[in-house]
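Inspection log for the structure reproduced underneath, given as C-alpha cells.
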Amino acid sequence: MGKLFTSNKNANLLLDISGSETYDTEAPVLSIENFSIAYRSIQGDVKATDRVTIDLKRSEVLGLAGESGSGKSTLAYGACRLLRSPAIITDGKVTYRGRRAPREGIEITALAAKQLRQLRWREIAIVFQSAMNALNPVITVGDQLDDAIRAHLPMTTTARNERSEMLLDLVGIPRQRIKSYPHELSGGMRQRVMIAMALAADPEIVIMDEPTTALDVVVQREILTQIIEIKQQLNFAVIFITHDLSLLLELSDRIAIMYGGKLLEVASSKDLQYQTAHPYTEGLLSSFPSLRGPKKTLAGIPGSPPDLRNLPPGCPFFQRCRHAASACRSVSMNLQNISRDFAEPHLSACPFHPGPGADKRWKAPDLVDDAVHLDQPMHASADGETLKKGLML
Amino acid sequence: MSAQLTTGMGSDQSNSINNTAANALKIEAPTGRKSVIKRLISAYRNTPRKFKVGLLIIVFFVLLSVIGPFVRPYNPNSNLTNPNIVNNSPSFSHWLGTDYQGNDVLSEVLVGTGPTLLLGLITGLISTTVAIVIGVLAGYYGGIFDHILSLFTNVFLMIPALPLLIVLEAFLQNNGTYTMALVLSVLGWPWGAKVIRAQTMSLRNQDFVAAAKETGESNFRIMAIEITPRMISLIASGFIYAVLYGITASVGLMFLGFDTTAITLGGMLFNAQNQVAIQSGYIWWYMPPALIVAVFGMGLVLLNYGLDEIGNPRLRDANRYGKLGRKNMRPSDPTPVLALLSNQGEKGFLSKLTSNGFSRRSLETSPKSEG
Amino acid sequence: MKYILQRLGFYIVAAFIAITINFFLPHMMPGNPIEAELVKLSQGGSNVSPKTVCAVAQQTDTYSPHCGLHKVSILSQYWHYLINLVHGNLGYSFSQNETVAHVIASTLPWTLCLVGISTIIAFLVGTLIGIVSAWRRGGSIDGSLPFLSFFQGMPYFILGIFLLYFLTVQWNTGLPDYGGVAAGIQIGWTWAFISSALFHSILPAITLVLANMSGWAVGMRNVMITTVSEEYVLAAQAKGLSNWRVVMTYGARNAIIPNVAGFANAISLAVSGVLIMEIVFSYPGVGNMMYTAVTQDDYFLLTGLFLCISLAVLVANFIADGVYALLDPRIRKRAANS
Ligand SMILES: Nc1ncnc2c1ncn2[C@@H]1O[C@H](COP(=O)(O)OP(=O)(O)OP(=O)(O)O)[C@@H](O)[C@H]1O
Ligand code: SF4
Ligand SMILES: [Mg+2]
C-alpha cells in the first residue's frame, strides 16, 4: 500500500510543545520499577504482575510477548492505573518522563484521579484489543474522536472537526465515515478508527494491546505497515502487546517476554532472535515457524501456564521447561544482564544460561551435580544455602 | 518466604522432578478436601444475603400458612354478629382484634394465608409449564411456527392482564380457587415464554445439541433432557415471578369481590374496603392481610434478586469486591496503590483488606532483588 | 424507518387480536346482556328506556325475542362489530345510561394522565437511582435498594392502602384521599380544575412512582454494572474523559437500552395495577368505572373499557419502540437485515 498522506500534512497533527527544553532526552519516557499487581479473589490472590522492572525508551517500539494469561494487559493497563476493583498495585512505581513532564518525571503510581485523567490519552493512549468492544456502539465515530480531543486540547469546534477528519485521513478512512456508527464499519476500519483515536491528543506513548489479533492476515499486515509509518512521522513510543513473537521480531526495537506475571527475558529483537537466552523464549520462537502464518498454539511448549494464585517458588517455567532441574525450584527470578555490551543489555531470568555465543544447550545444575560450571560472572543469585554451595563450587 | 523455601529444599534434596511436582500438589491438597461442614459454611457465606433473607421470609409464611389452620384460636367463619365483639381493636382475647362480623382477625389471617399462597403456587406452576412448552418449542423449531408463537407471546405480553381477567372472571362468575388459578395462568405465561424462547434459540446452536442429534436422539428428548435443564435458573426466576404475579393478581381480583366465598387475604381486604375500614380507623383489620401480601411479595422479589446475583458473576463480584478496606470502590477510581493506602494512615488497613478476602501473604512486600 | 414500519405492522396485528378477543370472549360466555337488562328493567332496577335497550340490541345484533330480533350468525355479528368500531361505536352502557364511547371519553383521560405521568417519573427517578447505585456500589443508595423491593413486591392497591393510612389517617397531611378533583369544580381548562386535579392525584401518583421505581432502579443497576465492565467504558476512562461523560454517554446511554426494551411488559403490568388502585382512592378513572361495570353487570361498558385500555397500552408501547430505535442505532440495521 502506498502512502496515504504527505508528511507535511501530518505535521499539523503534531502539537506545539512548549517548555520542551526541560526534559531529559536521554531518560526513558516510562520507567516501570519493581511493579506488582494482584487481583483479589476468594480462592486466593492472582499475582498477575510480579516485580516487573522495565524501561520504555523515547520513541522506541517495545514488544511485550507471552501466552494468554501471562499478565501482559495487566502490566500495561496497570501502568496507567486503569485496572478495576479486584486489582491492587501491591508494590513498585511507574514514572513518566514525557516532553511535557517536569524533569524529574511524574510518578503515575502517586497521582490522584484528576491528575491521572489529564495524563491519560494526552500522554499515554491505548489501542484496545478488540475495536468492536472498545468503541461505544451507540454514538458515532466522529463523536468518539471528538470526545478525546475535547477532553485534552483547547480547540474550537471547527478546529476539532478539522482535526478529527485529519486523523481519519491519517489512517486512510474516508472523511464521510465520521458520521458512521461502529457497527457500520468493517473490523479493519474499526481498528483504524481506534488507532486514529489514540493519536487524537498527540500522545507520547501508545500502548497497543494486540491491535490486530482479531483481523485477517491481509488487513493485519496493512494496519501494521500503517502503524509503523505513522509512528515514524509522529514519533511516539509504542508498547506493542501480542502473542505473536514472529511479528514482534519484525516490528519492535526491543522485546520483553512475559510469563506467569514475570518478565523472563528482555533484549533487542536481534539478540532475542539470534542469542536467545531463556528456554521459554526458545519455545515461543519454535512455536511460530512461519512469519505471518495463521495463529498457532504453543506447539513448542507442552503444558499450560501456571496458576498465578499459587506459584511455587523458583522458576515459574519449571513445570514445562525441557532443561529444568531441581535447582530451578529455588532460583531467584531476578533479571540478570548476560550481555557484555552494557549499552545494550540482554536480560534473562534463567540463571543457567550458557552465555552469548556459547553452545545452545542449557544445563541447569542438579544440586549435587559437581559438573556445574558457568562461564559467566555469577548472575544467578540463588536463594538458599544449598544452592549457593552448589553454584559456588 | 525463606522458611518455605528451606522446607521445599528438603524434599528437593532427594531430587527427581516428579517427586517435587507431587509435593507441590500435596501442598494444595488441604484446600481441595474440605469437610462437609466447612463446605456448607462457605456455601452459606457465598450465597447473596438477598437470597437468604428472601428465602427466610418465604419459609416463614409457608410454615405459617401450613400450621395456621391448626393453631387458630377461633373459628374465623363463625359469622356471629354479636354487637359486643364487632370491630374490636386488639385485646388479650383477640390479639388482632375483630372484623365487622365479629370474626377474630388473627384466625382469619392464619386460615386465609394458605389459600392465597396456594393460588400463587398453582398459578406459578401452570404458567411456568406453559411458558416452558411454548418457549422451548418456538425457540427450538424456529421458522413460521416460531413466528406465530412469538407473535402471540408478544401480543399477550402487551394486553394488560387485569382487565381481561376481570372480563373473564365476570363471565365465569365465582367458580372457585382452581378456576381462578387457571384463568390467571392463561395470562401468566408470556413473559417466561419470551425469555425461555430467547435462551433456547442460543442453546439450540451449541455443540451439545448437534452432538445429541448425531447420536440419534429424538427432538423431544433433546428439548426435555438436553435443553430445558440448562435453563434451570432462568426457569426458577420465571417461576418466582409467576408466583408473585399469581398472588398479586388473585389478591387484586378478590379485592374486587371475585371468589370471596373462602377466607383469603384478598377477601379480607375486600370486606375492609366495603366497610370503609381505612377511613374508620380499623387498622388492625386490614393491616395484617395487607402486610402479609406485601412482605411475602418482597420475599419473592429478594429471592429473585439473589438468583440474579448467583447467575451473573459480574453482579456478585461487584458486591463482593466493591470494597477496599472500608472504602467503596467506584469504577472510575484509579487502580489503588497499596503503599499509598497504608501511607494515608488508615489504621489496621491490612487487616481490613484481609477481611475483604485479600490474603495477607500477597500484601507483604516481596523481597527486593539482591543487586 | 423500516424498523418503525415493521413495528407498526406488529401493532396493527396486535390491535386486531385484542379487538377479536374483545369480541369473541363475551360471546363464548353464557348469558345474554340484553335479556338480562330487560329483566332488570321489568323489576324496576334500571332507568334505561326499553326503546334504548332494543336499539342497542339491534345495533349489536344481539338475539332478543323481546325486541323482535332473530339470531344472527356470529361471523356477521363480528363484521358488524368491526364496522361499528370503525365508526367509534362501542355500544351503550346501561348502568351509566350513556354511550360507552362517552363514558370512556370521561374516564380514560384521568387514568392515562395518572399512569403516563407517574410512569415517566418512576422511570426517570428509578433509572437515575440505578445509575448512581451502580456507580457508587456499596454506597448508601445502593444499600437501600433491597429495601425498595418492599414496594415492588406488593400489589399497587395495597401500597395505596398503606399510604392512605400513613399519610391521611396516621399523619394527617391534608392530602385528598378521595376522588379526582374537589367537589363542585367544573371540568375544563381552568386553573382551579387543573390545580385541584393535580392535588388529588398526589397520593395515587406517589403510590405508582414508589411501586414502579424500584423495579427500574434494580434493572438499571444490574445492566449498568454489566455495562460498566465493557471495554468501551474502560476505553472512555483511558481517554481521560470526565466521570460525568463516562457515566452518562458511555455507561448509562448503553445500559438504558434493555430497560426501554422492557417497557412493554412493565407498562401493561402498571396499567393492571392502577385499575385496582383507583378503587382505593376512588379515583374517577377507567378502573373505578370498570368496577362499577362489574358490579352492575354492565357488559358493553366492561368490554369497551377493556378494549380502550388495551389499545392505549399498545400505543404506549409503540412510542417506547420509537424511543428504543432512537437510542440504539444498531436496531435499525438489524431490522433492515431481517
Ligand atoms: N478481574 C480479574 N480477576 C481475577 N483475575 C484476573 C482478572 N483479570 C485478569 N486476571 C488474571 O490475571 C492474569 C493475567 O491476565 P491478563 O489479561 O493480563 O493476561 P494477558 O497476558 O493480557 O492475556 P491475553 O493475551 O489473553 O490478553 C490471568 O491469569 C487472569 O486470569
Ligand atoms: S530456571 Fe530452570 S526451569 Fe527455569 S527456565 Fe531456566 S532451566 Fe528452565
Ligand atoms: Mg490481554
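Below, all heavy atoms of this structure are taken into account, side chains as well, without hydrogens, waters or symmetry copies. The model shown is predicted, which means the values in this text are computed figures rather than measured ones.
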Against chain C, label [X] side chain, backbone, both or neither, depending on which of its atoms sit under 4.5 Å from a heavy atom there.
X: B:Val155; value: both
X: B:Phe156; value: side chain
X: B:Leu269; value: side chain
X: B:Asp308; value: side chain

Between [X] and chain B, with a heavy-atom cut-off of 4.5 Å, which part of the residue counts as in contact: side chain, backbone, both or neither?
X: C:Ile279; answer: both
X: C:Tyr291; answer: side chain
X: C:Phe151; answer: neither
X: C:Val313; answer: side chain
X: C:Val13; answer: side chain
X: C:Asn243; answer: side chain
X: C:Ile21; answer: side chain

Classify the ring geometry of C:Tyr165 against B:Tyr286: parallel below 30°, tilted from 30° to 60°, perpendicular beyond 60°.
perpendicular
Give the minimum heavy-atom separation between [X] and [Y], together with the two atoms involved.
X: B:Gly252; Y: C:Ile276; answer: CA-CD1, 3.4 Å
X: C:Ser268; Y: B:Met158; answer: CB-O, 3.4 Å
X: C:Ser272; Y: B:Leu162; answer: OG-N, 3.1 Å

Top residue by heavy-atom pair count (under 4.5 Å) with chain B, among [options]?
options: C:Thr295, C:Val247, C:Ile267, C:Asn317; result: C:Asn317
options: C:Leu275, C:Val228, C:Val286; result: C:Leu275
options: C:Asn22, C:Thr226, C:Thr168, C:Val271; result: C:Thr226
options: C:Ala18, C:Ser214, C:Gly251, C:Ser229; result: C:Ser229

So do the side chains of [X] and [Y] get within less than 4.5 Å of each other, counting heavy atoms only?
X: B:Tyr305; Y: C:Pro146; answer: no
X: B:Thr248; Y: C:Tyr156; answer: no
X: B:Phe255; Y: C:Val280; answer: yes

Heavy atoms only, distances under 4.5 angstrom: which of [options] has the most pairs with chain C? Name it, please.
options: B:Gly297, B:Ala294, B:Ala249, B:Pro331; result: B:Pro331
options: B:Ile283, B:Leu244, B:Leu165; result: B:Ile283
options: B:Val251, B:Leu300, B:Ile247; result: B:Val251
options: B:Val53, B:Leu253, B:Leu291; result: B:Leu291

What do the steps show when you test C:Phe162 against B:Met287 for side-chain contact (heavy atoms from CB on, under 4.5 Å), and what is the final call?
CA-CA 8 Å; C:Phe162 287 152; B:Met287 248 338 155; 3.2 Å; yes
Could you tell me whether C:Arg136 atom CZ has more than 12 heavy atoms of other residues or ligands within 6.0 Å of it?
no
What distance do C:Phe147 atom CZ and B:Met298 atom CE have between them, rounded to the nearest 0.5 Å?
8.0 Å
Distance check, rounded to the nearest 0.5 Å: B:Ile159 atom CD1 versus C:Leu307 atom CG?
9.5 Å
